Amino acid sequence: MARWALVSGLQGDLALYEAIQRDLRQLGRVDTLFVLGDLIGPDRDANALLARLQDPRRGELAPQCIYGWWEEQLLAERGYRGERRADPLRQQFGQTALEALEQAVDPGHLAWLAALQFGFIELDCALLHGSSADVGDNLGPDSSPLLLLDRLTRMDVNRLFTARSGEQFSVELSGGGIASAVRDLAGERQLQQVVPQRKVIGIGSGLRYTLYDQGSDRIAFRTVGQQAGSRGRGFA
């Protein structure tokens, strides 16, 4: 079965991306690289990284990218999201950060960014930047189990990989059941619905990324430069 690497939070850092690619080559047995948003950011010029993501070098894993919160803010401000503008960015970081973000990305890359998907569905897994509710949804290990279950059931998946918080975590929602009663003209009936075991996984950000083996359902949290074969924090 396939083995995935899931990264996020590159924020225009080509050197970081190259370091991740080197790490993956040393590990071997990684079939697919998913980049779950925040390809760009206000702190550095992102054009060299964006060019590389669109035109991978020979021998590199070709990245499968979705858009994240920073991309959403830029696209909104540039008119790619209808009447919406980057008001969340203004409120949180100020006008200066928005102007820096606009300067970090050449207009020639906007069409490619606008064509990126919100997320991927692979088998019973959802790969998202935030959650099924919103790209800015910040899920973490302390999030309410009911909230996590809602985000899972919205997309009818058993595994939700999220990047927005920047944390590496794995929260398991144990299997159980839902009991309900239905009353109609024929009388009252009791219904039982089995709830499968589900997980929400935070993949990390920047130097910290996650490996996932579909066949064994094994998750490994890694940091770039970590010794091959050693277990990362939060290994599940």
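Since we're looking at a predicted model, the values are computed, not measured.
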What distance separates Leu160 CG from Leu149 CG, expressed to the nearest 0.5 Å?
-> 11.0 Å
Shortest non-hydrogen contact between Arg159 and Gln197, atoms and distance = NH1-O, 3.3 Å
Should the ring pair Trp4 and Phe161 be called parallel, tilted or perpendicular, given that the plane angle runs from 0 to 90° and is split at 30 and 60?
-> perpendicular
Any donor-acceptor pair under 3.5 Å linking the side chain of Ser8 with the backbone of Ser205?
-> no
Is there a donor-acceptor contact under 3.5 Å from the side chain of Asp213 to the main chain of Arg3?
-> no
Closest approach of Gly206 and Leu16, non-hydrogen atoms and distance?
-> CA-CD2, 3.8 Å
Does Glu102 have any salt bridge (charged side-chain N to carboxylate O under 4.0 Å, His left out) partners at least two apart in sequence or in another chain, and if so, which?
-> Arg78
OG1 on Thr32 to OH on Tyr212, rounded to 0.5 Å | 13.0 Å
List for me each residue that meets ring-ring contact (aromatic ring centres under 6.0 Å, His included) alongside Phe118, sequence neighbours excluded, and say none if there are none.
-> none
Would you find a donor on one side and an acceptor on the other, under 3.5 Å apart, between the side chain of Gln168 and the backbone of Tyr209?
-> yes
Which heavy atom of Thr162 sits nearest a heavy atom of Phe169, and at what distance?
-> CG2-CZ, 4.1 Å
Short question: side chain of Arg208, backbone of Gly166 - any donor-acceptor pair under 3.5 Å?
-> yes
Where Gly130 and Leu139 come nearest, the two heavy atoms and their spacing = O-CD1, 4.2 Å
Quick one: pull up CD in Gln21 and CZ in Arg52 and give me the separation to the nearest 0.5 Å.
-> 7.0 Å
Shortest non-hydrogen contact from Ile40 to Glu71?
-> N-OE2, 2.9 Å
Euclidean distance, Glu172 CD relative to Ile201 CD1, rounded to 0.5 Å = 9.5 Å
Do the side chain of Asp38 and the main chain of Trp70 share a donor and acceptor less than 3.5 angstrom apart?
-> yes
Counting distance only, does the side-chain N/O of Asn47 pair as donor-acceptor with the main-chain N or O of Asp106 below 3.5 Å?
-> yes
Do Leu113 and Leu50 touch side chain to side chain, with heavy atoms closer than 4.5 Å?
-> yes
When you measure from the side chain of His129 to the backbone N and O of Leu36, does any donor-acceptor pair fall under 3.5 Å?
-> yes
Do you know which two heavy atoms are closest between Leu24 and Ala5, and how far apart they sit?
-> CD2-CB, 3.7 Å
